[in-house]
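Take a look at the structure set out below.
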Amino acid sequence: MQHPESTEGIRTAPRVTVILAARRVDCPASRRLLNALVGDPRFVLQQVFTGPESADLSGAPGWALRLERRAVAVPDRAGPPEWKAGRPDPVPLPADAAELAPCDVVLDLSGASPEGLADRATTGLWRLSVDDPADGAASGAVLRGETLLPCALVRLPAAGAEPRLVARAAFQPKLLLGRSLDFAREKSMQMILRELARLALTGAPADLGLAERPPRPPGGGSLPGYAARILGEASGRAARKLRHRLGGAPRPFSLRLGPGQIEDFDPARTVEAPNRNRHYRADPFLFEHDQALYCFFESYSYRDGLGHIAVGRIEDDGLTEIGPALTRPYHLSFPFIFRHAGEIFMMPETHQAGRIEIWRCTDFPTGWTLHATTLDGVGAADPVLLQHGADWWLFANLCNDSIGDLSSELHLFRIDGPDLTWIEPHPLNPVVIGSEVARGGGRVVEIGGRLLRPSQDNSGRSYGRGLNLMEIVALSPTSYEERRIRHLSADFLPGLIGCHHLDAAAGRVVIDVCRR
């Protein structure tokens, strides 16, 4: 990522002026953004304006939105957060741009601000593509049934200058267009905050090159297919509910074992370890102990609606289950297990408990005692630790939206090790944003000097659609970058609809897969 030199440079907390559409001042996305700007000493929220109301989406997207608003009421799963004290009261945007106080960033989230505002800011005017009624990328992706909804953060350096791309991300579309756009706006607030943090850290905005010309909104020909998908999904949900009431199981995950390493194994050569009755298996981790290879995994009970951690021994091409390794009154999954200083630890996902827990082994493989906790009051998904050089890092997926999505934000923390006596958030959190790459899919490993992170591909409207192998190319207290080097889709065997976790040890690989 390049950071072009700024003529002035930002040497203090960036001064940010925000422009909102009046109808969105109290929406969850706006509240989260303004609360973060008020509560973070790295930024100065200078002014908040309500801009002129932009025209609603036109053409086919506009028709779809208006019909949805009339026919469907979709409440937020979680209400918007309370306003933090210290937020400037929004006032109408003055007609003359010269009346705006000079600042470092004009953040236009109204989609209809007048010209001339970019000249009032050191770095120009920043705008989200999802707020631009003329940008058909997001609305077109939903109406055409595509698997990802693209969103870009674009910067207009000054009047007449070519727009520059600051950041991009892609999000999982929801069934309805309005819900999809609201979700993209909320997640994009995290992208904005990260790039403002980068500006505070480096003194210059990120620059990914010239912004592409936005596509036009789709025409009316996309509406019949969109309506058909809504009806098909509604009928499918009704059928699944009826099947569950009649005793049918939800889409089951199961484990598959095979030879190889995570960077080059052939998933088609794996062999399935059948599930036990009324349970499914997922999130497997391999662990070598006393010249034997063990597999710890989530065993989910359909009867109880909870997962616990089970363990088995790998023998030949099969898995011989030993039994429960850790059970709690709340859901457990993702049993990341590791060895440090002669002891064995496990950090399962304990999102339902609202904290991260590390357990120490007292009697391998089924005796464990609680060793340490952190992030109390925070629901974190799929946490893993990595010791790299002198530093310990905690990777975890968090949620900052009203929908409850844990698959689009990867957060990074520097810690002191398994004791968790101190924890420091990375300044560029969330370091990875996007439904197709952010969610963890296994342990982070170092192979041949390369750091590799498995991640889930949650594009489309299904969870765990595929797997990525990401190479971490920059990891430090002030930087993080990664790139995708491999992708696995669930098409290597008939009947699969997903695979979302992998691990490897002793020349063996284990993955989990999902069937219809």
Side-chain angles (χ1 to χ4, degrees), residues 19-21 24 27 29 33 54-68 107-113 124-156 162-192 194-195 205-227 229-230 401 403 405 407-409 432-438 457-461 465 484:
I19 304 170
L20 300 169
R24 293 193 188 133
C27 75
L33 175 71
S54 64
D56 210 342
L57 292 178
S58 59
W63 278 106
L65 276 181
R66 286 188 286 273
L67 288 173
E68 286 175 17
L107 184 57
D108 173 24
L109 303 179
S110 71
S113 294
L125 183 142
W126 297 17
R127 179 177 288 164
L128 283 174
S129 60
V130 74
D131 286 319
D132 186 350
D135 190 329
S139 59
V142 178
L143 294 188
R144 289 189 294 267
E146 296 173 5
T147 59
L148 284 170
L149 186 158
C151 191
L153 179 60
V154 177
R155 180 173 67 93
L156 282 66
E162 292 289 335
R164 311 292 298 183
L165 181 62
V166 177
R168 63 162 66 94
F171 303 106
Q172 185 184 61
K174 307 305 173 185
L175 179 59
L176 299 177
L177 175 60
R179 190 69 161 170
S180 297
L181 297 180
D182 287 343
F183 174 62
R185 288 188 185 99
E186 284 201 65
K187 286 303 186 185
S188 293
M189 296 305 107
Q190 300 303 307
M191 184 165 62
I192 290 172
R194 184 190 66 189
E195 295 311 316
D207 191 338
L208 302 182
L210 287 174
E212 297 178 0
R213 184 179 297 276
R216 298 178 61 183
S222 60
L223 290 177
Y226 174 61
R229 283 189 296 276
I230 292 176
D401 62 61
I403 294 177
D405 173 80
S407 296
S408 304
E409 302 173 37
V432 179
I433 301 175
S435 301
E436 85 282 22
V437 289
D457 174 5
N458 286 306
S459 56
R461 287 196 301 276
R465 185 169 180 260
R484 181 160 57 188

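The residues of the chain are indexed from 1 along the displayed sequence. Small disclaimer: the values here were computed from a predicted structure and weren't measured.
Closest approach of Pro150 and Ala138 over heavy atoms only: O-CB, 3.9 Å. Here the shortest heavy-atom pairing between Leu156 and Pro163 reads CD1-CB, 4.3 Å. Of all the heavy atoms in Pro218 and Ala60, the pair that sits closest is O-CB, 3.5 Å. Scanning both residues, Ala64 and Leu143, for their nearest heavy atoms gives CB-CD2, 4.1 Å. Minimum interatomic distance between Ala438 and Ser407 (heavy atoms only, all atoms of both residues): CB-O, 3.8 Å. Across all their heavy atoms, Arg484 and Val437 have their closest contact at NH1-CG1, 4.2 Å.
The structure places CG of Leu149 at 13.5 Å from NZ of Lys187, a figure rounded to the nearest 0.5 Å. Separating the CG atom in Leu109 from the CZ atom in Arg24 is a distance of 9.0 Å, to the nearest 0.5 Å. To the nearest 0.5 angstrom, Asp132 atom CG is 10.0 Å from Ser110 atom OG. Ser129 contributes atom OG, which lies 11.0 Å from atom CD of Glu212 (distance to the nearest 0.5 angstrom). Atom OG1 of Thr147 is separated from atom CD of Glu436 by 9.0 Å, given to the nearest 0.5 angstrom. Here CD of Gln172 is found 6.5 Å from CG of Asp405. Values are rounded to the nearest 0.5 Å.
More than 12 heavy atoms of other residues, nucleotides or ligands shown are found within 6.0 angstrom of CZ on Arg144. Heavy atoms of other residues, nucleotides or ligands lying less than 6.0 angstrom from CZ of Arg229 number more than 12.
Two residues are said to be in side-chain contact when any heavy atoms from C-beta on lie closer than 4.5 Å; Tyr226 and Leu176 meet this criterion. Contact check for Leu210 versus Leu165: no side-chain heavy atoms found under the 4.5 Å cut-off. Here the side chains of Leu177 and Ser139 are in contact, with some heavy-atom distance below 4.5 Å.
Considering Glu195, Gln190, Met189 in turn, Met189 is the only one that fulfils the side-chain contact (heavy atoms from CB on, under 4.5 Å) rule with Ile192.
Relative to the ring axis of Phe183, Lys174 places its NZ or CZ within 45° and under 6.0 Å from the centre.
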Would you sort out whether Cys151 and Leu128 count as a side-chain contact (heavy atoms from CB on, under 4.5 Å), showing the intermediate values?
CA-CA 7 Å; Cys151 191; Leu128 283 174; 4.1 Å; yes

Starting from the C-alpha separation in whole Å, work towards a yes-or-no answer on side-chain contact (heavy atoms from CB on, under 4.5 Å) for Met191 and Val166.
CA-CA 10 Å; Met191 184 165 62; Val166 177; over 6 Å; no

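For the residue pair Ser459 / Ser435, no side-chain donor-acceptor distance below 3.5 Å is found, with atom types taken as modelled.
A salt bridge links Asp182 to Arg185: at least one charged side-chain nitrogen sits closer than 4.0 Å to a carboxylate oxygen.
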